[in-house]
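In what follows, every chain begins at residue 1, and chains take the letters A, B, ... in the order their sequences are listed.
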Amino acid sequence: MTTDDTTTDTTDVDARLLAGLAGLATEAPAGLPDAVFARWVRVPSGLGDVYAAATAHGVQFLRPAGDAGLAGFTAAYRARFARPLVAAPRPPAGLLPALRGRPGRGPALDLTALTGFERAVLDATRRIPAGQARPYGWVAREAGSPGAVRAVGSVLARNPVPLLVPCHRVVRADGALGGYLFGAPEKERLLRAEGMDVDGVADLARRGVRYLASDTTTVVCFPTCRDARRITPRHRHGFGTLDEAVRAGFRPCRTCRPAGAA
DNA sequence: CCGCTGACCGACA
DNA sequence: GTGTCGGCCAGCG
């Protein structure tokens, strides 16, 4: 502790500055904190415990708690969304049931930081029901960019909200499951846990069958469509392309919308 | 700004 | 059956 003049002057200035700032202090306007901060929670899921970040608009980012812990999660979040993160008092409405695999709308999502194409891809992916799967090409077409098949893979590879946007249900057209941001084995585990017949679909694909049709309803579906699974074996027909099926008199299913459905 | 790189797909050699 | 290539969109150096 010195008592020379410069130090005294500085202390004086500091004191006046602090007093001035104290005079400025006031309650933050309602809603301001939520406009500035995102909030994080840690919750259980099919991927183990995950961290999720939500803004006032909805869940924006979700990652497994695994490796880097909370510090890694906040770093990844800030690198991508440049917004401070504070603890949330409770999980956003609908998050826990959605992660528990309950059917329903799930929590609101905040996809505002994404491009239009990215949002379109995630929206289409969101419409794939549990226990089912669709090819990357299907997502591209549903997203309004039928040629952007590869770009769909790029978008899903950095899906900010896995599980909530079920990108694990997007698979390759040749019957392989394709990649996953947390590893292909994890993708397969999730699909099996949801009740998808992974082996059955692989068998069909190996024999060149990518579509299943029913001669009682004259409808042709993706093999994982809930309508396709109920076709009695006697009335079931397999096709390699939708074109063949259509030429044979079958119309595209309105539930799973293989290319060409109205 | 350019050039490259992806969780892909279908066409063609 | 395998290999290569172009198309697509966004992030990175």
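- Here the range on DNA chain B touched by chain A, meaning any atom under 4.0 Å from one of its heavy atoms, is B:dG6 to B:dG10.
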Only distances under 3.5 Å count here; give the side-chain donor-acceptor pairs of residues 76-88 of chain A to other protein atoms, sequence neighbours excluded, each with its distance to 0.1 Å.
from, atom 1, to, atom 2, distance (Å)
A:Tyr77, OH, A:Gln60, OE1, 2.5
A:Arg80, NH1, A:Arg158, O, 3.1
A:Arg80, NH2, A:Arg158, O, 2.8
A:Arg83, NH1, A:Ala35, O, 3.4

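- Environment of NE2 in A:His57: sparse, with no more than 12 heavy atoms of neighbouring residues, nucleotides or ligands closer than 6.0 Å.
- In this structure, A:Arg119 reaches neither bases nor backbone, as no heavy-atom distance under 4.0 Å exists between it and the strands shown.
- Listed by first and then second residue, the side-chain hydrogen bond (donor to acceptor under 3.5 Å, both in side chains) pairs that reach into residues 170-186 of chain A are A:Arg172-A:Asp174, A:Glu186-A:Arg189, sequence neighbours excluded.
- The cationic atom of A:Arg42 (NZ for Lys, CZ for Arg) lies less than 6.0 Å from the six-membered ring centre of A:Tyr51 and within 45° of the ring axis.
- Between A:Asp110 and A:Thr112, the side chains place a donor N or O and an acceptor N or O closer than 3.5 Å (distance only, hydrogens not considered).
- Counting non-hydrogen atoms of neighbouring residues, nucleotides and ligands closer than 6.0 angstrom, the CZ atom of A:Arg226 reaches no more than 12 such neighbours.
- The residues A:Asp199 and A:Arg192 are annotated as salt-bridged, a charged nitrogen and a carboxylate oxygen being separated by less than 4.0 angstrom.
- Nucleic acid contact class of A:Tyr136 (heavy atoms, under 4.0 Å, all strands): base.
- Near DNA chain B, meaning a heavy atom under 4.0 Å from it, residues 142-167 of chain A has A:Val149, A:Arg150, A:Gly153, A:Ser154, A:Leu156, A:Ala157, A:Cys167 in order of number.
- Side-chain heavy atoms closer than 4.5 Å link hydrophobic residues (I, L, V, M, F, W, Y) into clusters, and following such links, even through other members, never connects A:Phe61 to A:Val41.
- Shown here are the salt bridge (charged side-chain N to carboxylate O under 4.0 Å, His left out) partners of A:Arg169, two or more places apart in sequence or in another chain: A:Glu194.
- In the 5' to 3' direction, nucleotides of DNA chain C lying under 4.0 Å from heavy atoms of chain A begin and end at C:dG7 to C:dG11.
- Ionic pairing of A:Asp243 and A:Arg247 is present here: one or more N-O contacts between side-chain nitrogen and carboxylate oxygen are shorter than 4.0 angstrom.
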